[in-house]
Participant: 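Sharing a structure here in structure tokens format.
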Amino acid sequence: MNNDQIKEKVLKWFPDAEIPAEAGQFLNVIVTPEILHPLAEKLRYDKETHFDYLFCLSGVDWVSNLMVVYHLTSTNLGHEIVLKVKIADRENPEVDTVCDLWKTAEFHEREVYDLFGVKFKNHPDLRRILLEDDWEGFPMRKDYTDEANIVEL
Amino acid sequence: MILLNFSIYDFSDFINSIDTWLVETFSPTIGHLIGLVLVGTCFLLFTALLGLSLVYIERKVCAFFQQRLGPMRVGPFGTAQTIADIIKLIFKESLITKQSDKFLFNLAAFVIMMAPFIVLSAIPFAKGLQALDMDIGLFFIISVSSIGVTGILLAGWSSNNKYSLIGAMRSGAQIVSYELSVAISLMTIVILTGSLQLSEIIASQSNGWWIFKGNIPAIIAFVIYIIASTAETNRGPFDMAEAESEITAGFHTEYSGIKFAYFFLAEYVNFFIISAVGATVFFGGWMPLHIGDATFFNNAMDFIPPIIWFFGKVAVIMYFLMWFKWTFPRLRIDQLLTLEWKYLLPISIVNLLLMSIVALKGWHW
Amino acid sequence: MRIIKNIGQYFGEIFHAIKSLLTGMKITGYYFFHPKEIVTQQYPENRDTLKMFDRFRGEVVLIHDSNNEHRCTGCSACELACPNGTIEIINKKEIDPETGKSTKAIDQFVYHLSMCTFCNLCIIACPTDAIKMAQTFEHSVFDRSKLTKVLNNPGSKLMPGIRE
Amino acid sequence: MSTEQTVLGNETQEYFINMGPQHPSTHGVLRLLLTLDGEIIRKVEPHMGYIHRSIEKMCEKDSYQQIVHLTDRMDYLSCHINNEAVCLTVEMGLQLEIPERVKVIRTIISELTRLASHQLWWGVMGMDLGAITGFLYGFRDRELITDIFEETCGARLTMNYNVPGGLMFDIHPNFQKRTKEFLAYFKKKLPEYEELLTGNVIFEERTKGIGYISKEDVISYGVTGPSGRGSGFACDIRKLHPYSAYDRVEFKEILYNEGDSYARYMVRMDEMKESMHIIDQLIDNIPEGDYKAKTKAVIKLPAGEYYQRVETARGELGVYIISDNKKSPYRVKFRSPGFSNLSALDTMAKGCKIADLVAMMSTLDLVIPDIDR
């Protein structure tokens with residue numbers, strides 16, 4: 001499927017999904033936390049899309065909101081898509097886990113939780129992964145300060 | 001007076017003259033006691049020397065297999081390296097883990113040293129150079145050498161460390177199984193000699209070594225003996241008990257300083273012993289290479305002193321064992337036991353039967 | 001029939017196993033008997049013959065010529081290029097004896113070897129090729145403060161004609 | 001486990017063992033919390049982050065030239081490929097036209113890096129299985145590659161040879177000669193590797209059928225690189241999204257379908273041959289030209305998101321740069337191959353023994369700084 005067909009399909013399933021018009025490297029789909037999991041599930045299991053390989057999961061802090069970015073590709077169909085979930089609530093960011101769809105998400109979501117503080121609902125083992133358990137704050141956030149460890153050059 | 005009897009070809013006169021002199025000079029009881037102490041001291045010194053030189057040799061041999069130079073810094077060609085190591089180990093702090101069973105922890109290091117030390121007494125180094133020539137010599141060696149496993153189990157249990165415990169358990173299973181093959185492969189030769197006494201086993205090889213005389217079963221027995229005895233001494237490729245990459249150092253993980261040195265020493269003395277027993281039973285011990293009644297050849301061979309024959313044979317076997325160790329990957333514990341129970345043991349039992357037939361029919365030379 | 005086949009398989013396995021083990025032993029045995037192939041270099045002993053490659057990055061040095069002149073104008077391009085703050089350039093005002101104008105010149109070119117990652121970015125950033133990587137590699141010292149070096153020689157001057 | 005307990009008729013107790021952070025076969029500071037039943041592994045729980053240096057956060061403060069040298073310190077065994085990945089991303093953002101010479105040189109050095117990495121892996125694999133001699137042989141041959149690197153790039157391990165737009169300096173005049181010498185030498189030595197380990201009966205026993213992972217699981221866990229290809233997952237980025245000069249060389253993507261330790265081992269052994277094949281094709285055909293495209297001293301990427309995937313020796317490395325048109329990136333994410341590969345360890349190791357776990361970790365070829373970043 002080419003990007004237009006995927007776009008059409010996604011919009012048919014979830015008309016709320018926001019798809020920026022400008023052509024970037026990938027087809028971007030921006031969604032709210034509520035429809036992330038249903039959309040991901042459809043993308044994963046639909047025969048025509050069949051996005052079975054999550055090759056990157058990253059968190060981004062846009063100051064006004066947090067974002068979790070899912071880079072997906074299909075191993076047999078070869079098309080790629082970028083799912084972005086925008087989380088407006090910085091204090092208590094929550095989004096459904098996609099561990100059940102792609103197992104690799106388990107570690108990557110723990111990393112995003114560790115560094116950005118995004119809580120993934122239904123995650124089997126949501127703990128800090130890179131930092132120690134008693135670390136305070138979420139270091140990759142833009143408002144994170146640590147005078148002892150961050151040296152301004 | 002004593003030294004007059006000294007001959008490099010036959011030590012029995014020399015030993016007897018010392019004994020006689022001791023008994024005559026002191027009373028018989030004290031004389032014998034002094035004799036015992038002397039022999040004990042000799043063995044202690046020998047053990048220490050053996051450990052030192054074997055560690056050095058193994059390091060050099062291993063280095064050459066691996067395209068390295070090995071120790072080169074301390075002394076010429078690094079010969080004093082092991083002495084430096086021993087000095088370091090003596091001065092190191094002897095750590096004891098918290099909540100370990102301190103008594104057993106300390107005891108284990110001595111128990112593990114004890115077994116090879118006792119076994120050493122039954123090894124004939126040269127003609128007449130043997131501390132104990134019992135009529136059950138071989139049986140004695142097989143049985144006493146199994147004391148060592150007690151030391152390993154004690155060390156593993158008392159260390160209060162799971163790695164140690166796993167190592168000890170592996171080692172226990174391994175040694176107990178492999179002892180069977182070792183014993184049976186040695187018994188294969190005993191069928192031919194008709195005696196367990198080591199001096200008689202050697203004497204029976206005066207017209208050729210059993211590995212040549214004993215037909216095919218002797219060769220099979222030798223191969224099985226080498227494999228099984230390597231496993232029994234926890235050497236690579238059967239070093240499951242101390243598999244460095246799996247369970248760090250196995251049963252001696254928690255030992256440091258001089259106690260660690262004991263484990264190390266015991267390992268190398270054991271290594272020497274299996275080679276020595278192999279050399280004695282299959283290659284005639286100190287007996288020079290004789291071919292039937294080719295007198296001229298036999299006399300020429302006799303010219304080389306027996307002690308050199310003995311150590312030469314031991315060295316060759318050791319070299320092969322080192323070659324194995326530095327070439328092969330390690331087996332897994334269950335594969336190790338499979339190898340013993342499915343391959344070595346059945347083969348050695350069949351081999352024993354074969355040897356009996358060979359002996360009955362007189363197919364050996 | 002099946003039993004014979006099984007027995008054949010049993011011994012076949014053993015034969016294959018022994019053969020594969022012997023192949024491995026052939027390799028190690030070959031090296032044992034060819035000590036000429038030993039690759040060990042005995043490091044402190046071979047110091048005289050040990051030569052590093054020209055591009056090897058050992059430490060940053062400021063090039064001085066025989067007149068004790070260097071090419072550093074103190075522009076701090078290297079300082080900016082450095083990812084770790086390894087280089088600190090302390091400038092001073094200097095009165096040009098000919099024109100009488102005050103110009104900027106380096107007072108101290110401070111280099112913290114302990115922070116350097118030898119990434120070569122300062123060298124390519126330098127517009128006047130004043131610094132280069134030296135091939136030294138024996139950097140260990142007993143005192144950490146010795147790793148902070150002042151690269152310009154005492155009394156050294158800027159080479160004439162560099163600033164233009 | 002309950003069945004075994006009833007069969008045995010006695011109670012067995014599970015226990016925990018900490019494998020690492022200091023352990024001879026975790027190849028760095030990785031801690032595995034093993035739940036064991038005797039010697040049988042019930043659960044593996046990796047704990048990482050012991051050398052987490054927050055490279056992603058550091059990148060947000062650095063210029064694009066400076067980021068490159070940080071990636072040297074991620075997967076230090078394929079540092080050139082990491083550098084290349086960042087440079088490719090930046091070049092994509094700047095829409096720079098890269099000289100052909102640069103592309104070819106990058107490809108050659110990438111493949112040399114892959115070879116060096118696999119040589120080290122082979123040695124370590126042998127050592128983990130108890131064949132220590134192999135370790136020395138692996139290092140012996142790797143030394144020659146690091147010599148080539150040292151001569152051309154100026155460092156043996158953290159080379160930092162790439163800059164956005166090209167290379168730091170041109171290849172050394174000896175580079176081609178040395179590389180060809182090395183290839184001739186290593187073509188003779190590789191069969192020795194095979195004889196020493198591959199055919200060895202003990203080695204086969206230790207790896208065949210051990211650590212099985214299915215193709216579905218491999219895709220789901222995102223296990224890439226030789227580890228993924230050992231399960232039949234065609235994930236070679238060099239084929240899927242050719243970068244640098246990979247579109248003009250002919251090579252095979254090695255695929256094995258067994259999914260066990262032996263398959264993963266064989267993939268790497270065959271990949272070494274393919275790497276040599278690639279270098280063979282390119283080494284005499286380095287086009288003349290500049291070694292660097294013209295770039296500004298201060299690089300500002302146009303605002304936007306850039307994602308570049310490359311194939312390192314361990315698998316797929318993704319570099320995700322979000323730029324807001326400043327001299328430092330807004331956000332950098334490295335999708336490191338080791339991180340995803342490690343996550344599959346639990347699935348592989350269930351029911352195996354401790355010794356198998358060690359073999360399995362070797363076949364995953366974990367580099368801890370790559371996992372922790």
Side-chain angles (χ1 to χ4, degrees), chain A residues 20 22 24-26 28 44 50-63 67 69 71 73-76 78 80 82 84 99-112 114-116 125 127-133 135 138-142 144 146 149-153, chain D residues 45-54 56-58 60-62 66 89 92-93 215-224 228 233-235 237 240-241 304-309 315-320 322 324 330-337 339-344 346-347 371-373:
Chain A
E22 85 261 30
Q25 197 182 350
F26 302 107
N28 285 312
R44 168 78 177 82
H50 195 257
F51 286 104
D52 55 349
Y53 175 29
L54 174 71
F55 63 90
C56 189
L57 195 162
S58 22
V60 186
D61 180 11
W62 288 110
V63 184
M67 189 180 261
V69 184
H71 285 76
T73 185
S74 169
T75 50
N76 56 346
E80 288 155 338
V82 179
K84 293 177 174 177
C99 281
D100 47 339
L101 308 173
W102 302 280
K103 289 180 196 157
T104 182
E106 191 177 328
F107 270 31
H108 280 94
E109 283 178 353
R110 274 177 71 185
E111 188 191 324
V112 172
D114 193 356
L115 302 175
F116 290 91
D125 184 23
R127 284 178 294 131
R128 287 195 181 268
I129 187 167
L130 294 172
L131 308 175
E132 57 252 56
D133 291 339
W135 191 278
F138 303 103
M140 285 296 281
R141 286 198 185 183
K142 291 283 171 187
Y144 180 80
D146 183 347
N149 292 318
I150 298 179
V151 183
E152 296 283 339
L153 289 177
Chain D
E45 201 184 308
H47 288 243
M48 52 252 200
Y50 286 89
I51 43 171
H52 175 59
R53 292 144 300 174
S54 204
E56 290 171 12
K57 184 83 177 173
M58 280 155 84
E60 291 177 11
K61 291 271 188 289
D62 282 352
Q66 290 171 345
T89 324
M92 180 207 290
K215 189 180 173 187
E216 285 70 38
D217 275 344
V218 156
I219 295 171
S220 183
Y221 276 114
V223 178
T224 48
F233 175 25
C235 55
I237 306 298
L240 290 175
H241 303 277
E305 297 178 4
Y306 309 99
Y307 194 95
Q308 174 69 41
R309 301 158 76 180
E316 176 185 336
L317 173 76
V319 180
Y320 181 36
I322 301 178
D324 57 348
Y330 184 79
R331 163 94 171 102
V332 178
K333 157 90 184 175
F334 296 110
R335 184 260 187 225
S336 60
F339 190 71
S340 301
N341 290 3
L342 178 65
S343 63
D346 184 38
T347 312
I371 297 166
D372 288 349
R373 282 157 290 146

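Nothing here was measured: the structure is a model prediction, and the numbers come from that model. Just so we're on the same page: letters track the sequence lines, and every chain starts at 1.
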Participant: Taking side chain as C-beta onward, heavy atoms only, is His52(D) less than 4.5 Å from Leu115(A)?
Facilitator: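 The answer is yes, as the side chains (C-beta and beyond) meet within the 4.5 Å cut-off.
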
Participant: Backbone N or O of Trp62(A) within a donor-acceptor pair of the Arg331(D) side chain at under 3.5 Å?
Facilitator: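 Such a contact is absent between Arg331(D) side chain and Trp62(A) backbone.
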
Participant: Counting heavy-atom pairs under 4.5 Å to chain D, which of Glu106(A), Glu132(A), Arg44(A), His71(A) comes out on top?
Facilitator: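 It is His71(A).
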
Participant: Measure the spacing between NE2 of His47(D) and CZ of Arg127(A) and express it to the nearest 0.5 Å.
Facilitator: 5.0 Å

Participant: Which bit of His108(A) is near chain D, if near means a heavy-atom gap under 4.5 Å: side chain, backbone, both or neither?
Facilitator: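 Both backbone and side chain.
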
Participant: Top residue by heavy-atom pair count (under 4.5 Å) with chain A, among Ile219(D), Asp217(D), Val223(D)?
Facilitator: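 Option with the top pair count is Ile219(D).
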
Participant: For the residue pair Tyr307(D) / Glu80(A), report whether a side-chain donor-acceptor contact shorter than 3.5 Å exists.
Facilitator: no

Participant: Supply the atom-to-atom distance Thr104(A) OG1 to Arg335(D) CZ, rounded to the nearest 0.5 angstrom.
Facilitator: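 Spacing of OG1 (Thr104(A)) from CZ (Arg335(D)) equals 6.0 Å.
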
Participant: Taking the side chain as every heavy atom from C-beta outward, state whether Phe55(A) and Thr224(D) have any pair of such atoms under 4.5 Å apart.
Facilitator: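 Side chain of Phe55(A) against side chain of Thr224(D), heavy atoms only: no contact under 4.5 Å found.
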
Participant: Under 4.5 Å heavy-atom distance to chain A, tell me which part of Glu316(D) shows up: side chain, backbone, both or neither.
Facilitator: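 Just its side chain gets close to chain A.
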
Participant: Does any heavy atom of chain A fall under 4.5 Å from the side chain of Glu305(D), the backbone, both, or neither of them?
Facilitator: both

Participant: Heavy-atom distance under 4.5 Å to chain D: side chain of Ile129(A), backbone, both or neither?
Facilitator: both

Participant: Quick one: closest heavy-atom pair of Lys57(D) and Arg141(A), and the distance?
Facilitator: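 Smallest interatomic distance, heavy atoms only, reads NZ-O, 3.2 Å.
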
Participant: Nearest 0.5 angstrom please: Leu57(A) CG to Phe339(D) CZ, how far?
Facilitator: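 It comes to 9.5 Å.
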
Participant: Is chain A contacted by the side chain of Ile371(D), its backbone, both, or neither, given a heavy-atom distance below 4.5 Å?
Facilitator: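 Interface part for Ile371(D): backbone (N, CA, C, O).
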
Participant: Are Glu111(A) and Arg373(D) close enough that some pair of their side-chain heavy atoms sits under 4.5 Å apart?
Facilitator: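 They are in contact (side-chain heavy atoms under 4.5 Å apart), so the answer is yes.
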
Participant: With the side chain counted from C-beta on, respond yes when Cys56(A) and Lys333(D) share a heavy-atom pair under 4.5 Å apart, and no when they do not.
Facilitator: yes

Participant: Can you find a pair of side-chain heavy atoms, one from Tyr221(D) and one from Phe107(A), that are under 4.5 Å apart?
Facilitator: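 Tyr221(D) vs Phe107(A): side chains apart.
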
Participant: Mind checking the OG-OH spacing from Ser340(D) to Tyr53(A)? Nearest 0.5 Å is all I need.
Facilitator: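 Those atoms lie 6.5 Å apart.
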
Participant: Below 4.5 Å from any heavy atom of chain D, which atoms of Val82(A) appear? Answer side chain, backbone, both or neither.
Facilitator: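 Neither part, no heavy atoms under 4.5 Å.
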
Participant: What closest approach, in Å, do Lys142(A) and Tyr330(D) show between heavy atoms, and which atom pair accounts for it?
Facilitator: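 Looking at all heavy atoms of both residues, the shortest contact is NZ-O, 2.7 Å.
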
Participant: Given heavy-atom pairs under 4.5 angstrom as the criterion, report whether the side chain, backbone, both or neither of Val63(A) touches chain D.
Facilitator: both

Participant: Identify which part of Ser58(A) has an atom lying under 4.5 Å from any heavy atom of chain D, answering side chain, backbone, both or neither.
Facilitator: both

Participant: I need the residue from Val69(A), Leu131(A), Asn28(A), Asp125(A) with the largest number of non-hydrogen atom pairs under 4.5 Å to chain D.
Facilitator: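 The candidate making the most pairs under 4.5 Å is Val69(A).
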
Participant: Between CD1 of Ile51(D) and CG of Leu130(A), what distance do you get to the nearest 0.5 Å?
Facilitator: 11.0 Å

Participant: At a 4.5 Å cut-off on heavy atoms, which part of Met58(D) comes close to chain A: side chain, backbone, both, or neither?
Facilitator: neither

Participant: Calculate, to the nearest 0.5 Å, the distance between atoms NE2 and OG1 belonging to His241(D) and Thr73(A) respectively.
Facilitator: 6.0 Å

